[in-house]
Amino acid sequence: MRRMIVDSSSLILLAKCSLLEIVCGLFNVFVPTAAAAEVASEDLVKKYPDAALISGLISKGTITVQSPGSAGFPLPISLHQGEEEALLLAMKLGKSLLATDDGKAIKAARFLKVPFIITPKIVVELFRLQKISFKKARSSLEKLGKIGRYSPEIIADALVSLMEEKYGKTNNHKDT
Amino acid sequence: MAKPTTIRIPEDLLNEIDQFVKELKLDRSAYLREVLRKGFSADKQDRLLMKYVRGELSQMEVCQELKWSPWDFLAQLKARNLSLNVSLEDWIDSAELNP
């Protein structure tokens with residue numbers, strides 16, 4: 001099973017779309033220590049259901065919390081601790097995919113040649129891999145636009161990709 | 001402890017403030033402090049969010065500066081009708097899932 005390093009921005013969006021557990025079933029999901037504190041602290045768990053879900057998955061060991069240690073070199077772009085640790089963890093663990101929905105973190109990932117994925121792409125890919133239904137994928141993309149604040153251009157493009165996946169395949173996806 | 005400072009204010013604005021303070025029987029200094037605090041907070045939020053939109057700040061850098069949770073951040077983007085700072089190019093260049 002491959003590794004996916006998820007930062008706080010993607011953890012929240014995956015939780016909002018009810019896709020976090022599915023992703024955890026497909027990948028060894030790692031979250032840096034600082035990002036775990038950003039989204040699953042005791043105070044946040046009391047206030048936000050997404051935080052409670054993330055905290056629960058960490059407690060069960062479904063999500064591994066790990067610190068990458070120090071970089072040993074200055075990063076080309078300044079980031080907050082959780083975003084920086086996610087990048088470093090992806091580099092240190094190797095053969096890892098970084099899930100992030102932050103433009104600045106993506107810039108740094110490009111520079112460091114760390115493969116990255118954004119949540120709308122995860123949605124389309126989960127459908128391609130027949131892990132979610134078309135209906136679920138479409139509603140997740142709509143949620144990413146409305147609640148996740150993804151730009152209409154990206155959501156429109158993602159919906160087109162989803163349609164292309166649907167009509168390029170036999171209709172044997174789960175219907176839930 | 002409050003410290004004194006000096007600023008130049010256009011006469012018409014100062015007259016309007018003085019008149020308003022008088023009408024509402026407010027303490028002039030306390031009122032100006034409150035207005036300055038509110039205005040500074042709103043302006044700081046706007047400017048930092050614009051830096052985020054331009055990709056100069058990350059989501060969590062904004063959250064740290066403004067003492068917001070990531071959920072507050074999304075709510076504030078919605079309130080201002082702003083989008084995440086992820087570009088179409090980022091979507092196109094996203095890797096595929098190969099579990």
Side-chain angles (χ1 to χ4, degrees), chain A residues 1-2 4 7-9 11-13 16 23 25-27 34-35 38-39 41 43-44 47-48 50-51 77-83 97-98 100-108 110 115-118 120-122 125-126 128-129 131 144-154 157-158 161, chain B residues 1-2 5 33-99:
Chain A
M1 199 188 278
R2 278 191 68 191
M4 185 186 280
D7 78 2
S8 53
S9 60
L11 272 174
I12 291 170
L13 295 187
K16 283 202 179 298
V23 169
L26 288 171
F27 287 86
E38 286 163 4
V39 295
S41 69
D43 286 350
L44 293 171
K47 210 170 165 188
Y48 302 103
D50 305 328
I77 294 170
S78 70
L79 291 167
H80 192 255
Q81 197 184 352
E83 294 145 347
L97 185 57
L98 172 69
T100 179
D101 292 288
D102 185 84
K104 203 178 171 195
I106 291 171
K107 258 187 220 169
R110 279 183 201 279
F116 65 88
I117 189 163
I118 61 173
K121 182 79 171 191
I122 293 177
E125 288 289 288
L126 287 176
R128 180 179 68 82
L129 296 168
K131 300 298 176 189
L144 288 173
K146 284 179 190 161
I147 305 168
R149 304 307 300 162
Y150 254 96
S151 70
E153 290 84 4
I154 292 177
D157 227 47
S161 295
Chain B
M1 188 182 150
T5 189
R33 275 194 296 274
E34 190 190 329
V35 166
L36 196 59
R37 190 180 294 277
K38 278 184 183 172
F40 173 64
S41 173
D43 185 69
K44 189 178 175 186
Q45 288 177 16
D46 288 347
R47 285 176 192 270
L48 291 178
L49 282 171
M50 282 305 113
K51 285 188 91 170
Y52 164 79
V53 168
R54 292 195 298 267
E56 293 165 23
L57 287 177
S58 72
Q59 181 174 326
M60 291 311 300
E61 283 177 320
V62 174
C63 288
Q64 186 184 30
E65 282 287 325
L66 297 173
K67 296 181 176 65
W68 285 348
S69 76
W71 288 272
D72 294 331
F73 178 82
L74 289 174
Q76 289 295 330
L77 287 187
K78 189 179 180 188
R80 292 167 165 82
N81 200 26
L82 295 173
S83 299
L84 294 183
N85 65 358
V86 179
S87 69
L88 202 54
E89 192 186 358
D90 298 333
W91 148 256
I92 292 164
D93 291 346
S94 271
E96 289 187 349
L97 284 186
N98 295 304

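Note on naming: letters A, B, ... go to the chains in the order of the sequence lines (proteins, then strands), and numbering restarts at 1 for each one.
- Contact of A/Thr100 with chain B is not made at all, since no heavy-atom distance falls under 4.5 Å.
- Looking at A/Leu97 and B/Leu97, their side chains come closer than 4.5 Å, going by heavy atoms from C-beta outward.
- In this structure the side chain of A/Glu38 never reaches within 4.5 angstrom of the side chain of B/Cys63, judged on heavy atoms.
- Contacts between A/Asp50 and chain B at a heavy-atom distance below 4.5 Å involve backbone atoms as well as side-chain atoms.
- For chain B, no part of A/Ala35 is nearby; none of its heavy atoms comes within less than 4.5 Å.
- A/Leu44 touches chain B through its side chain: at least one heavy atom from C-beta onward sits under 4.5 Å away, while N, CA, C and O do not.
- Heavy-atom pairs under 4.5 Å with chain A peak, among B/Lys78, B/Met60, B/Glu56, B/Gln59, at B/Met60.
- For a residue to count as touching a neighbouring chain, one of its non-hydrogen atoms must lie under 4.5 Å from one of that chain's; by this rule A/Ser151 touches chain B with backbone and side chain alike.
- With a 4.5 Å cut-off on non-hydrogen atoms, A/Ile106 touches chain B through its side chain but not through its backbone.
- Heavy-atom distances place no part of A/Ala108 under 4.5 Å from chain B, backbone and side chain included.
- Here the CD1 atom belonging to A/Ile154 is positioned 10.5 Å from the CD atom belonging to B/Glu89, to the nearest 0.5 angstrom.
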> Can A/Ser161 and B/Trp91 be said to form a side-chain contact (heavy atoms from CB on, under 4.5 Å), step by step?
Replying inline: CA-CA 11 Å; A/Ser161 295; B/Trp91 148 256; 3.5 Å; yes

>> Before you tell me yes or no, could you show the steps for A/Lys47 and B/Ser69 under side-chain contact (heavy atoms from CB on, under 4.5 Å), namely the whole-Å CA-CA distance, both residues' side-chain angles and the distance that decides it to 0.1 Å?
In response: CA-CA 11 Å; A/Lys47 210 170 165 188; B/Ser69 76; 5.9 Å; no

> What's the verdict on side-chain contact (heavy atoms from CB on, under 4.5 Å) for A/Tyr150 and B/Ser83, showing C-alpha distance, side-chain angles and the deciding distance?
Replying inline: CA-CA 5 Å; A/Tyr150 254 96; B/Ser83 299; over 6 Å; no

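- Using a 4.5 Å cut-off between heavy atoms, A/Leu98 does not touch chain B at all.
- At a threshold of 4.5 Å between non-hydrogen side-chain atoms, the residues B/Asn81 and A/Arg149 count as touching.
- Looking at A/Asp102, its side chain never comes within 3.5 Å of a backbone N or O of B/Ser58 through a donor-acceptor pair.
- Taking the charged nitrogens against the carboxylate oxygens, A/Arg110 and B/Asp90 do have a contact shorter than 4.0 Å, which makes a salt bridge.
- In terms of heavy atoms, B/Pro70 sits closest to A/Ile12 at CB-CD1, 3.1 Å.
- Only the side chain of A/Tyr48 comes within contact range of chain B, judged by heavy atoms closer than 4.5 Å.
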>> Please evaluate residues B/Leu74 and A/Leu13 with respect to the criterion side-chain contact (heavy atoms from CB on, under 4.5 Å), reporting the C-alpha separation (whole Å), side-chain torsions for both, the decisive distance (0.1 Å), and the verdict.
In response: CA-CA 10 Å; B/Leu74 289 174; A/Leu13 295 187; 4.2 Å; yes

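- Here the straight-line distance linking atom CG of B/Asn98 with atom CZ of A/Arg2 works out to 6.0 Å at 0.5 Å rounding.
- Contact between A/Lys107 and B/Arg54 at its shortest, heavy atoms only, is NZ-O, 4.4 Å.
- Looking at B/Tyr52, the atoms closer than 4.5 Å to chain A (heavy atoms on both sides) all sit in the side chain, from C-beta outward.
- For A/Ile117, the parts lying near chain B are the backbone and the side chain together; criterion is any non-hydrogen pair under 4.5 Å.
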